[in-house]
Amino acid sequence: MSGTELTVIWAGIIAFAVVVYVIMDGFDLGIGILFPNFKVGTDRDTAMNSIAPVWDGNETWLVLGGGGLLAAFPLAYAIILPALYAPLIAMLLGLVLRGVAFEFRWRDPSHRARWDFAFTAGSVIATFAQGITLGALLQGITVEGRAYAGGWWEWLTPFSLLTGFALLAGYALLGCCWLIWKTEGPLQRQCYSYAGRLGILLLIAIAIVSIATPFLEEEYYSRWLAYPGIIATAQIPLATLVISVLFFRSLSKRQEAAPFFYALGLFGLCLVGLAVSMWPDVIPGRITIWEAAAPYESQMFMLIGAGIMVPVILAYTAWAYWVFRGKVGSDGYH
Amino acid sequence: MIENDLAINLARAQFAFTISFHFLFPAFTIGIASYLAVLEGLWLKTDNGVYANLYRYWLKIFAVVFAMGVVSGIVMSYQFGTNWSVFSDKAGPIIGPLMAYEVLTAFFLEAGFLGVMLFGINKVGRKLHFVATLAVAIGTFISAFWILSVNSWMQTPVGFAINEVGQYVPAAGWWDIIWNPSFHYRLVHTVLAAYLTTAFAVGAVGAWHLLKDKTNPGARKMFSMAMWMAALVAPTQIFMGDLHGLNTLEHQPAKVMAMEGHYESHPDGAPLILFGIPNSKEKRVDYAIEIPKASSLILKHDLNAPLAGLDTIPDEDEPPVGIVFWSFRIMVGLGFAMLGIGLWSLLARSRKKLYEWPLLHRAALVMGPSGFIAVLAGWVTTEVGRQPFTIYGLLRTSESAAPLDAPAVAASLLAFVVVYFIVFGAGIVYIFKLASKTPEAHEPTPDDAPIRSAGITPAAAVLEGDHEEGATT
């Protein structure tokens, strides 16, 4: 295998890690975002219980994404992370608050409300920060040589705030649909009513982001809107439309698992769109994946490990989810 | 350049702060995870309920510590990039893959099975649950393996070449890079340190409950197990620490010189300076209390062996002596105190008085935090001792930092300090609360918590005896 191909494979693996993270921690964070709307008591406990056994494994995909970026594309890691300093620090602190809230909530029932607040605040901050990161990456980072050369606030623009809000809506939708699947009774009914509205909110956000993106960079414009590429890229909004229709139908038919998977489908299409905009750059418009790539020996050494371990990880992760299958109660699993 | 220095020093302070907090947690969870595996294994083998109850008792504490370890750990993995981006760019090709392996083989393993371990006691069979506990314990060890290999490579870098853009790229087999010269010693020393830290924490909790009621079976069992660990591991650790020091002398002589306070070379036997105040301006140790030639004895096994001092090292390559000198002494002092407790417990055991000597229990109680202090002191010794380099002898810390302005780093440092003190402070309070609860005959599992926190009024809870405040036990 040539170095060029190996690098493409690694770009795929990092993208895969990001996708899996978004799917799995998306619904964890989404439940955190929606949390204040759930009734104190069994509803909140049930919502927590639906993710308590799996949140840590879900969050680990973020570490794989970051660590993988360092290992496979060290130049990209070294430029992107300082460029997005404030949102990333905010994200990390949000994740600290969210993560400990799982445990502390049980440990201190007299201050449960405080840790519920931490759970939501942490989830909202982490999600918003991730959305800003996405937008900031798309809109462009100032690079000079091998380093970030912009100021503190380059990441902060109307576009990145927009993507921040879009992700809040997206994760909230995932969280909502997860609860539809895993709960029953009043909590589930509450989530059905939210899902429709969140779905609309997300689609509006996606539409605005999609319209704004081609105007960020010349390259995006020519990829998305210029003929003949537009024949291929137009499939994405079309597919989004189809999935949306199916999503709303599954809600009205009170299907329990389908809404979650349709919501994932929407996310998947967004991520495909992101890939269309970015390929083959890791820092759009500035650094290609090959320019950022670690040497062949490094990427190959890791590929062997990843090739063996990722299927193993997916297998035992699936097993863990299967152990906790079925509807969640407020008094643990039965 | 002052602006630059301030930004770098703030970044160093932030890294030191976040890594110190972070390390407290795996220092504990590596030990408890293995302890839990031992307890569950003994329970499966002997069917003795004491083990099952101790398992559930410590499982609740483990859950809290582990969560804090995870969230503080993610901070580290991103901080290499946010604040030390030049280091990440240059060293990424070598340390990146090692850390990727840590994620792939350790983090996912612990995280993946943690859910079953904490919440699956009533959902999977006993043997399968034990597999989950083992997986988490093994995961913590594998994690230590990879990250210590990374740190060791930074201390004793081998197997690399420098490419045309200044990156350190692999130029030897990965085996040689992973098993770099200081790795074996650092790995054993750190893992033993984790076990010792846990032993003394468990011992202190056991002692606390013994002082209240020396007949409590859970307290007796945990105290006994902890004291066995102390008696066996403390001397082993002192021995391994010595070997680690000898290895450091060979590969990072400046660090040992700082540890010893040897500003000058000693051609016929260097003194062991027990205490003193290093004075880096005048290049001597003030108020020194020393044993002549003893340092040569320890480091070279020869009273008259010559030992080079910091006078052979250019000033700009010297680590901060005062910090390293004292952190080393704190660590070693605590190590010997641990040995003392271990021996004392053996004496008590031989007289069949292990549960009867309140003085021993009080001492064990006081020594509860000793492991935590010792590991921090040890890490300060090795990391500050590596300065002024991030990659020893090759890349300076001052050349490793990200291009961030001081106000940005000051703001993030402040944010970390505030959040960590509130969040981890609360966590530590909860751990103390859990540890102060008497080990009982039917310990609840962590997932009994939702039952108790949902809808039980304080009044009803008080009537239940030791389930005060409607709290979980």
Side-chain angles (χ1 to χ4, degrees), chain A residues 41-42 45 49 52-54 56-57 59-60 62-64 66-68 70-72 74-75 77-79 81-82 85 88-89 92-93 95-97 99-100 102-104 106-110 112 146-148 152 294-295 297-298 301-302 305-306 309-310 313 316-317 320 323-324 330-333, chain B residues 63-64 67-68 70-72 74-75 77-78 80-82 85-86 88-89 92-94 96-97 99-101 103-105 107-108 111-116 118-120 123-124 165 167 169-170 174 402-405 408 412 415 419 423 426-427 430 447 449-451 453-455 469-472:
Chain A
T42 54
D45 293 347
N49 280 344
V54 293
D56 188 10
E59 194 180 68
T60 307
L62 182 65
V63 187
L64 183 62
L70 166 61
L75 179 62
Y77 178 85
I79 294 175
L81 269 59
Y85 193 67
L88 285 175
I89 299 290
L92 292 169
L93 290 172
L95 290 174
V96 167
L97 287 175
V100 299
F102 277 101
E103 282 305 317
F104 291 2
W106 305 134
R107 291 295 136 224
D108 193 3
S110 52
R112 184 203 37 76
R146 296 182 74 79
Y148 171 62
W152 284 56
E297 294 75 23
S298 306
F301 176 56
M302 277 197 295
M309 290 310 302
V310 170
I313 290 165
Y316 63 65
T317 302
V323 168
F324 293 99
S330 63
D331 52 335
Y333 289 83
Chain B
V64 176
M68 297 196 287
V70 165
V71 297
S72 57
I74 300 195
V75 170
S77 68
Y78 278 82
F80 286 119
T82 54
S85 56
V86 178
S88 299
D89 176 22
I94 290 191
M99 292 202 275
Y101 268 98
V103 182
L104 288 167
T105 59
F107 289 157
F108 275 115
F113 285 93
L114 183 73
V116 174
L118 296 182
F119 301 105
K123 296 210 115 219
V124 301
V165 289
Q167 290 176 310
V169 299
W174 283 98
L404 295 166
D405 293 330
S412 59
V419 173
V423 169
Y430 297 143
D447 67 347
I451 300 178
S453 64
E469 329 144 50
T472 65

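Naming: A, B, ... by sequence-line order, numbering from 1 per chain.
When every heavy atom of B:D89 is checked against every heavy atom of A:A78, the shortest pair comes out as CB-CB, 3.7 Å. Closest heavy-atom contact between B:V75 and A:V96: CG2-CG2, 4.2 Å. Among all heavy-atom pairs drawn from B:V71 and A:G99, the shortest one is CG1-CA, 3.8 Å. Scanning both residues, A:L70 and B:G96, for their nearest heavy atoms gives CG-CA, 4.2 Å. The shortest non-hydrogen separation linking A:A71 to B:A100 is CB-CB, 4.2 Å. Contact detail for A:P295 and B:V169: the closest heavy-atom pair is CG-CG1, 3.5 Å.
Looking only at heavy-atom pairs under 4.5 Å with chain B, the residue among A:A147, A:G68, A:A320, A:G305 that has the most is A:G305. Listed options A:G57, A:P82, A:A72 were ranked by heavy-atom pairs under 4.5 angstrom with chain B; first place goes to A:P82. Contact count against chain A (heavy-atom pairs under 4.5 Å) is highest for B:V103 among B:L114, B:T105, B:V103, B:V419. Ranked by heavy-atom pairs shorter than 4.5 Å toward chain A, the options B:G92, B:A67, B:P93 are led by B:P93. Highest contact tally toward chain A, considering only B:G112, B:P97, B:P170, is held by B:P97 [criterion: heavy-atom pairs under 4.5 Å]. Of the listed residues A:L62, A:L75, A:V310, A:T317, the one with more heavy-atom pairs under 4.5 angstrom with chain B than any other is A:L62. Put simply, of B:A63, B:A415, B:P403, the one with the most heavy-atom pairs under 4.5 Å next to chain A is B:A63.
Using a 4.5 Å cut-off between heavy atoms, B:V124 touches chain A through its side chain atoms alone. Within the 4.5 angstrom heavy-atom criterion, only side-chain atoms of A:M309, from C-beta onward, approach chain B. Both the backbone and the side chain of B:V116 come within contact range of chain A, with heavy atoms under 4.5 Å apart. Only the side chain of B:F113 comes within contact range of chain A, with heavy atoms under 4.5 Å apart. Contact annotation for A:I79: neither backbone nor side-chain heavy atoms come within less than 4.5 Å of a heavy atom of chain B. For A:I313, the part sitting under 4.5 Å from any heavy atom of chain B is the side chain, from C-beta outward, and nothing else. With a threshold of 4.5 angstrom between heavy atoms, A:A306 approaches chain B through its backbone and through its side chain.
By the 30° and 60° cut-offs, the orientation of the rings of B:Y430 relative to A:F104 is perpendicular. The aromatic rings of A:F324 and B:F119 stand perpendicular to each other, their planes meeting at an angle above 60°, with 30° marking the opposite boundary.
Expressed to the nearest 0.5 Å, how far OG of B:S72 lies from CG of A:L95 amounts to 12.0 Å. Put simply, OG on B:S77 and CG on A:L64 are 10.5 Å apart, with the number rounded to the nearest 0.5 Å. Between the CD atom in A:E59 and the CZ atom in B:F107 there is a gap of 11.5 Å [rounded to 0.5 Å]. Taking OH from A:Y316 and CZ from B:F108, the interatomic distance works out to 7.0 Å, rounded to the nearest 0.5 Å.
Applying the ring pair (Phe, Tyr, Trp, His ring centres under 6.0 Å) criterion to A:Y85, with sequence neighbours excluded, gives no partner residue. Taking A:L81 as the reference, A:Y77, A:L88, B:Y78, B:T82 meet the side chain to side chain contact (heavy atoms under 4.5 Å, CB included) condition, with sequence neighbours excluded.
Proximity of B:I74 to A:V63: side-chain heavy atoms (C-beta onward) are separated by under 4.5 Å at one or more points.
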